[in-house]
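Below you'll find the structure, written out as structure tokens, and then a few comments.
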Amino acid sequence: MLPYLFYALLGFLSGSILYSALLPRWLRGIDIVADSDDHNPGAANAFLLAGPRVGVLCVLCDLAKGFLPVFWAASRLPTQERLLFSLVLAAPVLGHAFSPWRQGRGGKAITASFGALLGLLPGSLVVFWLAALYLFFSLIAVIPDHRLRTLATFSLFAGGSFLLCPNKCIAAGCTLISAAVIFRHLSGAPHLHQELLKKAFVRGIFS
């Protein structure tokens with residue numbers, strides 16, 4: 001039990017480092033949390049506000065902070081014998097979504113989710129299920145709104161993981177990841193709607 005808890009704690013601490021907020025500030029002097037519309041410390045805002053070079057670096061760091069602890073744990077611990085491995089898998093995503101360094105107000109955790117799932121390769125290919133869902137809702141059954149697209153993707157990802165993944169510990173971890181991402185997107189929605197309404201009101205006054 002203790003090794004699983006150790007890697008879960010390692011993953012949570014790794015995920016809690018919000019590179020997409022820190023690197024733009026260190027390298028460009030830009031506070032993406034304060035300057036963005038949704039105030040999200042994520043890679044998308046790093047791209048938009050700090051430029052593609054800093055954005056790519058943020059994506060790589062966010063992938064790595066999820067990948068490394070899960071990869072190390074999966075290479076050293078059985079992934080099927082204990083349900084605690086689901087916590088190990090989800091820990092980097094939970095750390096990103098509920099970072100203690102921002103009083104629990106972390107990012108939306110999409111990149112960290114892909115990083116954690118990549119850490120399961122080659123033992124589990126579940127990351128390709130998540131990628132396929134994103135592509136499906138982006139290119140085929142198109143959902144234009146990014147928030148709604150993400151909610152649909154991770155809702156189906158959680159349910160489909162139990163059908164497509166024979167390892168139920170990994171499937172449970174995918175459900176925890178999905179719950180964290182969905183919660184972050186739903187909890188950020190009211191604030192974002194207020195910002196959009198204020199912008200629309202200002203445009204209406206001065207148009």
Non-hydrogen atoms of A46 and I32 that approach each other most closely: N-CD1, 4.0 Å
Quick one: closest heavy-atom pair of T175 and A158, and the distance? OG1-O, 3.9 Å
Residues clustering with V54 (ILVMFWY side chains joined when closer than 4.5 Å, directly or via others): I17, Y19, L22, L23, W26, L27, L57
Set of ring pair (Phe, Tyr, Trp, His ring centres under 6.0 Å) partners for F47, sequence neighbours left out: none
Is there a side-chain contact between S155 and S178 in this structure, where contact means two heavy atoms from C-beta onward sitting under 4.5 Å apart? no
Closer than 3.5 angstrom, by distance alone: can the side chain of S75 be matched with the main-chain N or O of W72 as a donor-acceptor pair? yes
Return the OG to CG distance between S113 and L118, rounded to the nearest 0.5 Å. 10.5 Å
Steps toward side chain to side chain contact (heavy atoms under 4.5 Å, CB included) verdict (L9, L13): CA-CA 6 Å; L9 178 60; L13 292 176; 4.2 Å; yes
Return each pair, listed once, that meets ring-ring contact (aromatic ring centres under 6.0 Å, His included) where at least one residue sits in residues 132-154; pairs must be two or more places apart or across chains. none
Option passing side-chain contact (heavy atoms from CB on, under 4.5 Å) with R147 (candidates I143, L151, T150): L151
Who are the ring pair (Phe, Tyr, Trp, His ring centres under 6.0 Å) partners of Y4, not counting sequence neighbours? none
Contacts of R105 that satisfy side chain to side chain donor-acceptor pair (under 3.5 Å) - sequence neighbours left out: Q103
same_hphob_cluster(I110, V142) at 4.5 Å side-chain heavy-atom cutoff: no
Test of understanding: with salt bridge (charged side-chain N to carboxylate O under 4.0 Å, His left out), list the residues that count as partners of D31, not counting sequence neighbours. R25
Heavy-atom pair with the smallest gap, counting every atom of F12 and P100: CE2-CD, 3.8 Å
Would you list the pairs meeting salt bridge (charged side-chain N to carboxylate O under 4.0 Å, His left out) in which at least one residue belongs to residues 43-64, sequence neighbours left out? D62-K65
Are L176 and F98 connected, step by step, through hydrophobic side chains (Ile, Leu, Val, Met, Phe, Trp, Tyr) whose heavy atoms are closer than 4.5 Å? no
According to side-chain contact (heavy atoms from CB on, under 4.5 Å), who are the partners of L48, at least two apart in sequence or on a separate chain? N45
Under the side chain to side chain donor-acceptor pair (under 3.5 Å) rule, collect the residues that match up with S99, sequence neighbours excluded. none
How far does NE2 of H185 sit from NZ of K108, to the nearest 0.5 angstrom? 5.0 Å
Quick one: side chain to side chain donor-acceptor pair (under 3.5 Å) partners of S16, sequence neighbours excluded? W101
With a 4.5 Å cut-off on side-chain heavy atoms, are L120 and L89 touching? yes
Just verifying a value: how many Å separate I177 CD1 and L94 CG, rounded to the nearest 0.5 Å? 8.0 Å
To the nearest 0.5 Å, how far apart are CG in L68 and CG in L10? 9.0 Å
Under the side-chain contact (heavy atoms from CB on, under 4.5 Å) test, which residues partner L83, sequence neighbours left out? S86, C169, A172
Under the side-chain contact (heavy atoms from CB on, under 4.5 Å) test, which residues partner A44, sequence neighbours left out? none
Side chains of S14 and P92 in contact at under 4.5 Å (non-hydrogen atoms): no
Check whether any side-chain N or O of R149 sits under 3.5 Å from a backbone N or O of P144 as a donor-acceptor pair, and report yes or no. yes
Check against side chain to side chain contact (heavy atoms under 4.5 Å, CB included), L2 and Y7: CA-CA 9 Å; L2 286 178; Y7 281 107; over 6 Å; no
Closest heavy-atom contact between C174 and L117? SG-CD2, 4.0 Å
Nearest non-hydrogen partners of I30 and L49, listed with the distance: CD1-O, 3.1 Å
Side chains of P3 and R76 in contact at under 4.5 Å (non-hydrogen atoms): no
In this structure, SG of C61 is separated from CG of L18 (nearest 0.5 Å) by 12.0 Å
Would you name the heavy atoms of A8 and V88 that are closest together and state the gap between them? N-CG2, 4.0 Å
Within one Ile-Leu-Val-Met-Phe-Trp-Tyr cluster: F162 and L125, side-chain cutoff 4.5 Å: no
Rounded to the nearest 0.5 Å, what separates atom OG1 in T79 from atom CZ in F85? 5.5 Å
